[in-house]
Amino acid sequence: MRMTSLLVQTLRDDPAEAELVSHKLLLRAGYVRRVGPGVYSWLPLGLAVLRRVEDIIREEMTSIGAQEVLLPAMIPREIFERSGRWADYGDALFRLKDRRGVDYLLGPTHEELFTLMVKGECSSYKDFPLSLFQIQTKFRDEARPRAGVLRGREFLMKDSYSFDVDDDGLERSYRAHRDAYERIFRRLGLDYRIVSAVSGAMGGSASEEFIAPADGGEDTFVACSNCDYAANAEAVELAVVMSSDVDHPPSVVIDTPDTPTISTLVERLASLGFDRTFSAADTLKNVVVKTRPPGTDSWSLLVVGVPGDREVDMKRLGAQLEPTEVAPAEGADLEAVRGLVRGYIGPQLLAALGVRYLVDPLVTEGSSWVTGANEPGRHAIDVVRGRDFRPDGEIGAVEVRDGDRCVRCGGLLRIARGIELGHVFQLGRKYARAFGLDVTGPDGRPLTVTMGSYGIGVSRAVAAIAEQTADSSGLRWPPSVAPADVHLVVTGKGDEPYERAEALAAQLQELGLRVLFDDRVGPSAGVKFADSELLGIPVVVIAGRGLAQGTIEVRERWSGTRTDVALGEASRRIAEIVAGRPAVSGAVSG
RNA sequence: CGGGCGGUGGCGCAGUUUGGUAGCGCACCAGACUGGGGGUCUGGGGGUCGCGGGUUCAAGUCCCGCCCGCCCGACCA
């Protein structure tokens, strides 16, 4: 590649649209360009990186025996009707009509088509296990695309699906994918965490996310500072402190006028002259939500009890109730149930009112609370779980906080932001049932296949790598994904440096290295150096000033090391550095 | 969907308050100088000022309507 003919234009200023470093740099370095909201073009250098990421993924997928296929992005409505996703997916699904008015969609993922493909091709248990994958453009009409290629409405994804005839097989396929993902992200040079994505209630290892820690990321996860427990914020489980077996005084109802919120209540309690003090953490807040099971139209109320100093995390709640829908209840929903007094709801009456009541595990059996008395302006103190009320069950609903305790070891949990790189998930038989994916078992009877679903955001991975590795002067690609091995820069006047560099470029290519040759005559040395740092190719070779002494300079972008190398052995030495075996003899560092 | 900000050459922005020949920097083209950290000078090309309507002798600027984008939130395998 020669800079004089390469389609690349670096920008000195940050484009106004970009906020994140990866977004700014990918634009400034001329790797990608925005075409519309959440829609990007890849220019030659960007595409080179994208393809290298793809190749690594492809290699590792193939190494676990997965076979590559390519399914259409455009899918007839009927197929998504059968899985229910035409209705369930909502506004995030791109829908279109053909000239006859028949509905189509652009695939957001491909469970349906893979299931159908296997159903069409396989009919015996002997055809399994089977893993298939594709690397293909996906479409999701995100409400708010952001951060460039990190979260587009059109993006490149590797999705794979495993098919097994029994649960052990699924476990093995899942494991193989998980291991392959670890190799992939390591080879991509990414720092990543494996994080539980679904609560323990659904089964331990059924779903895990690979997250690249990054402050600019949009996913929140929690990691223990002491052990290796880590979880997505909505799947986290918290350690609970069991309450001691003390005898609580009997519950008493007191007047607390004008205290519809926790803060007004705490203030009022302080003014009532008790011989003990109450904080928000001593109150039991009962939040009313409504739920709707899938495929039904009617909402029913659910009350969730959490300590008063905590907020309810609707995402976390929703993740655990899935596939049932959850939404905050509105005034009218409350009024529909006689006896529910807004601001003064207590659990004592809920069973009698026929309203389902769940508490966060932090509200332990035997713990004592200040809570609503179900009458306007009145609260009850010393209300004890197990004595004064019995919830219908527990659900982790509380918003996790930095410093909460780890379920596994009791260590401090830390909250961090990250980029979701991939997801491995034991899907089970949902789609196999929906599409009748049955095969003949060893006993001659039909057997329903069980599936796993595994995704990696390929274009997103490019942005994540940029985000994690860039420094203040530009991109800094790991050698495994860099668009070239060597960036050769010529500086100086006259033809000689150019001729020398030309010859060196040829030698390097001879050795199998991919060379980006900055053969531009106009720009000054400073411009070329700045560009080389912006573009981020790992090894920069400078043919210029040193030529008079018969040397060229080799700079390593990652470490910042600068070494002068004799022209005669330049190509050999450069090849060694690229291969990661820099020779020591005769090196002049500076 | 709610809140905030914005739309002026390819990119980054000023000009709108107070209506009067569309400007600056980067990039681009030509020439000269310079030649190891985004260098200097001279000369050039490139703009339906988001769209539609209105007021006015005259609208980037004032009025009305609409569209689009960015950021935060809601939402999101």
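When reading the values below, keep in mind they use all heavy atoms of this one structure, side chains included, and skip hydrogens, waters and symmetry mates. The structure displayed is predicted, hence computed values, not measured ones. Here is how names work: the chains are called A, B, and so on, in the same order as the sequence lines, proteins then strands, and each is numbered from 1.
Using the Watson-Crick or G-U wobble rule with both distances under 3.5 Å, rA58(B) pairs with nothing in any strand shown. Both distances falling under 3.5 Å, in either a Watson-Crick or a G-U wobble arrangement, place rC26(B) opposite rG10(B). rU17(B): no Watson-Crick or G-U partner with both key distances under 3.5 Å is found in any strand. Base pairing of rG45(B): no nucleotide in any strand meets the Watson-Crick or G-U wobble criterion (both distances under 3.5 Å). rC51(B) and rG65(B) make up a base pair, with Watson-Crick or G-U wobble contacts both under 3.5 Å. Applying the Watson-Crick and G-U wobble criteria (two distances, each under 3.5 Å), rC1(B) pairs with rG73(B).
Taking atom C1' in both rA27(B) and rG47(B), one finds a spacing of 16 Å when rounded to whole Å. Comparing rG50(B) with rA14(B), their P atoms are spaced 14 Å from each other, to the whole Å. The P atoms of rG20(B) and rG60(B) are separated by 10 Å, rounded to the nearest whole Å. When the P atom is compared between rG52(B) and rU61(B), the two are found 13 Å apart, to the nearest whole Å. For the P atoms, the distance from rU55(B) to rC64(B) is 15 Å, rounded to whole Å. Between rG46(B) and rG9(B), the two C1' atoms lie 6 Å apart (nearest whole Å). Spacing between rC28(B) and rU18(B) at atom P, rounded to whole Å, works out to 41 Å. Atom name C1', nucleotides rG15(B) and rC62(B): the rounded distance is 16 Å, in whole Å.
No hydrogens or angles considered: nothing links the side chains of Y40(A) and E154(A) as a donor-acceptor pair under 3.5 Å. At a cut-off of 3.5 Å, with distance as the only test, a side-chain donor of T220(A) or R417(A) sits close to an acceptor on the other residue.
E142(A) comes within 4.0 angstrom of a base, heavy atoms only. Among the heavy atoms of the strands lying under 4.0 Å from Q9(A) are primed sugar atoms or P, OP1, OP2 only; no base atom is included. Heavy atoms of A92(A) sit nowhere under 4.0 angstrom from any nucleic acid atom.
Atom CD of E218(A) and atom C1' of rG73(B) are 13 Å apart (whole Å). Between the CD atom of E399(A) and the C1' atom of rG73(B) there is a distance of 14 Å, rounded to whole Å. rC11(B) atom P lies 14 Å from atom CG of L43(A), rounded to whole Å. For the pair L150(A) CG and rC76(B) P, the computed distance is 18 Å after rounding to whole Å. At whole-Å resolution of the value, CD in E17(A) and C1' in rC13(B) are 15 Å apart. Whole-Å rounding puts the M3(A) CE to rA27(B) P distance at 14 Å. Separating the OH atom of Y40(A) from the P atom of rG69(B) is a distance of 12 Å, rounded to the nearest angstrom. Note: CZ (R151(A)) to P (rG73(B)) measures 11 Å, nearest angstrom.
Listed by first and then second residue, the ring-ring contact (aromatic ring centres under 6.0 Å, His included) pairs that reach into residues 140-161 of chain A are F114(A)-Y161(A), sequence neighbours excluded.
For D519(A) and R2(A), the salt-bridge test passes: some basic side-chain N is under 4.0 Å from an acidic carboxylate O. Salt bridge present: R429(A) and D167(A) bring a charged side-chain N and a carboxylate O closer than 4.0 Å. A salt bridge is absent between R557(A) and E533(A): the closest approach of a Lys/Arg side-chain nitrogen to an acidic carboxylate oxygen does not fall below 4.0 angstrom. The pair E553(A)-R555(A) meets the salt-bridge criterion, with a side-chain N (NZ, NE, NH1 or NH2) lying under 4.0 Å from an Asp/Glu carboxylate O. With salt bridges taken as basic N to acidic carboxylate O contacts below 4.0 Å, one links D309(A) and R401(A).
Between R144(A) and rC72(B) there is a side-chain N or O to OP1 or OP2 distance below 4.0 Å.
Out of rG69(B), rG12(B), rA74(B), the shortest distance to the side chain of A143(A) is found at rA74(B).
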> Can you give one letter per nucleotide of nucleotides 35-49 of chain B, 5' to 3': B if a protein heavy atom sits under 4.0 Å from the base, S if only from the sugar-phosphate, - if neither?
Replying inline: BBBBS----------
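Along RNA chain B, the nucleotide nearest D14(A) and the nucleotide nearest R146(A) are compared for position; the residue whose nucleotide lies closer to the 5' end is D14(A).
Under the 3.5 Å distance criterion, the side-chain polar atoms of K119(A) are left unmatched by any main-chain donor or acceptor of A432(A).
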